[in-house]
Every structure is written in C-alpha cells, then in structure tokens.
Amino acid sequence: MDSSFQRDDLDNQILTALMEDARTPFAELAKRFNVSAGTIHVRVEKMKQAGIITGAQITVNPKALGYDVCCFIGINLKSAGDYPAAIAKLNALEEVVEAYYTTGNYSVFVKVMCQSIDGLQHVLINRIQSIDEIQSTETLISLQNPIVRAVKP
C-alpha cells in the first residue's frame, strides 16, 4: 500500500464514477473525462496499489433475500483482553454482518441481519449471549435505513 499517493481531480472523478457503477468500461470513462483509456487504467492501478480501491462488489438487497430484521447490538465484554476471542466467535456467526471496536458505552457494536424476530431471538440468546467473553448486550432494532451512501472521494 502506497501511503504517499496524492489524488487529484481526475482520480476523484474516476472514483466517483466507479462507485456509481463499478462495471463502467475504462473506454467510457476515458471519453467522459477526455483522457485515454490507458490513463484511466494507470490511475485505477495506482489507486489499487495505494489501497484506495480495494475491490469491486455488487450490492444485494437483504429484504429481497428474506432478511427482514436488521438490528444493532452493543456488547460489553468481561475484560478488554477478551476482545480477540469475542471477535473471532462473532465472526463465525453468519448473521453478524459488521462489527466495530468502539469507545463509549460498548466495547463492540455489531450489525445483525435475521429473517425474523424469532430468528433474532435465537441468534441473540443461543449464539451471541452464550459467548463466554460477553458480559452483556443491548439490542436496537432498525425500523428503516433511509440513508445509505459511501464516502465521497
């Protein structure tokens, strides 16, 4: 990863375009930005080497797959030293889709997706709260997700 890489306006325009549609051909980007396709290719490769671009992905609608319940769980660990083991156990749970090591009221904050409230209850009681390193949890159920966006370059 190259930490000395300095982005310019063209790099930011390329990033913005690829964030909107990662499948946009380099030739199309070249026409849009009035440069050669080779320039786009070189710029993208440099941003990959710098760790700015880490991959391309599709976005899936969880509700379309039957995941109707999204919640956030604040987790208090028994001790700070329990963090690596707790994260490893949480990582093994497919319902846990994000985890954050945080300051404030919780040691760890996780996002959990389940197909139903019954499913959430099962995951919470039988899988998360049964992890030895976890002292307590607080669950917040998401009613909506009105803002979803990536950071701007």
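Treat the numbers as computed from the prediction; the structure is a model and nothing was measured.
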Practice task
Run the numbers on Leu15 and Arg7 for side chain to side chain contact (heavy atoms under 4.5 Å, CB included), then give the verdict.
Solution key: CA-CA 10 Å; Leu15 281 173; Arg7 289 187 335 268; 3.8 Å; yes
Exercise for the section: Applying salt bridge (Lys or Arg N to Asp or Glu O under 4.0 Å), run through Lys89 and Asp82 and close with a yes or a no. Expected result: CA-CA 11 Å; Lys89 291 174 183 177; Asp82 289 332; over 6 Å; no
Handout entry: Partner of Gln129 by side chain to side chain contact (heavy atoms under 4.5 Å, CB included), out of Ile75, Thr139, Thr137, Val123
Key =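 Result for side chain to side chain contact (heavy atoms under 4.5 Å, CB included) with Gln129: Thr137.
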Practice task
Answer yes or no: does atom CG of Asp8 have more than 12 heavy-atom neighbours from other residues, nucleotides or ligands under 6.0 Å?
Solution key: yes
Practice task
Check the surroundings of atom CG in Leu65: do more than 12 heavy atoms from other residues, nucleotides or ligands lie under 6.0 Å from it?
Solution key: yes
Handout entry: Glu138 vs Asn105, side chain to side chain contact (heavy atoms under 4.5 Å, CB included): CA-CA, chis, key distance, verdict
Key = CA-CA 10 Å; Glu138 180 177 359; Asn105 292 331; over 6 Å; no
With a 4.5 Å limit on heavy-atom distance, are the side chains of [X] and [Y] in contact?
X	Y	value
Asn76	Tyr106	yes
Asp11	Ile52	no
Leu140	Phe109	yes
Arg32	Thr24	yes

Exercise for the section: Please report the C-alpha distance between Lys48 and Glu45 in whole Å, then the side-chain angles of each, then the deciding distance to 0.1 Å, and finally whether the salt bridge (Lys or Arg N to Asp or Glu O under 4.0 Å) criterion is met. Expected result: CA-CA 5 Å; Lys48 285 180 181 178; Glu45 286 304 312; 3.5 Å; yes
Practice task
Please report the shortest heavy-atom distance between Ala37 and Ala30, naming the atom on each side.
Solution key: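 For Ala37 and Ala30, the tightest heavy-atom pair comes out as N-CB, 3.5 Å.
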Problem - Derivation of the side chain to side chain contact (heavy atoms under 4.5 Å, CB included) call for Lys63 and Asp68 - result: CA-CA 5 Å; Lys63 286 192 180 286; Asp68 290 328; 4.1 Å; yes
Practice task
Evaluate side chain to side chain contact (heavy atoms under 4.5 Å, CB included) for Val44 paired with His41, printing each intermediate quantity in order.
Solution key: CA-CA 5 Å; Val44 168; His41 177 76; 6.0 Å; no
Handout entry: Check: Lys111 side chain, Cys70 main-chain N or O, donor-acceptor pair, under 3.5 Å
Key = no
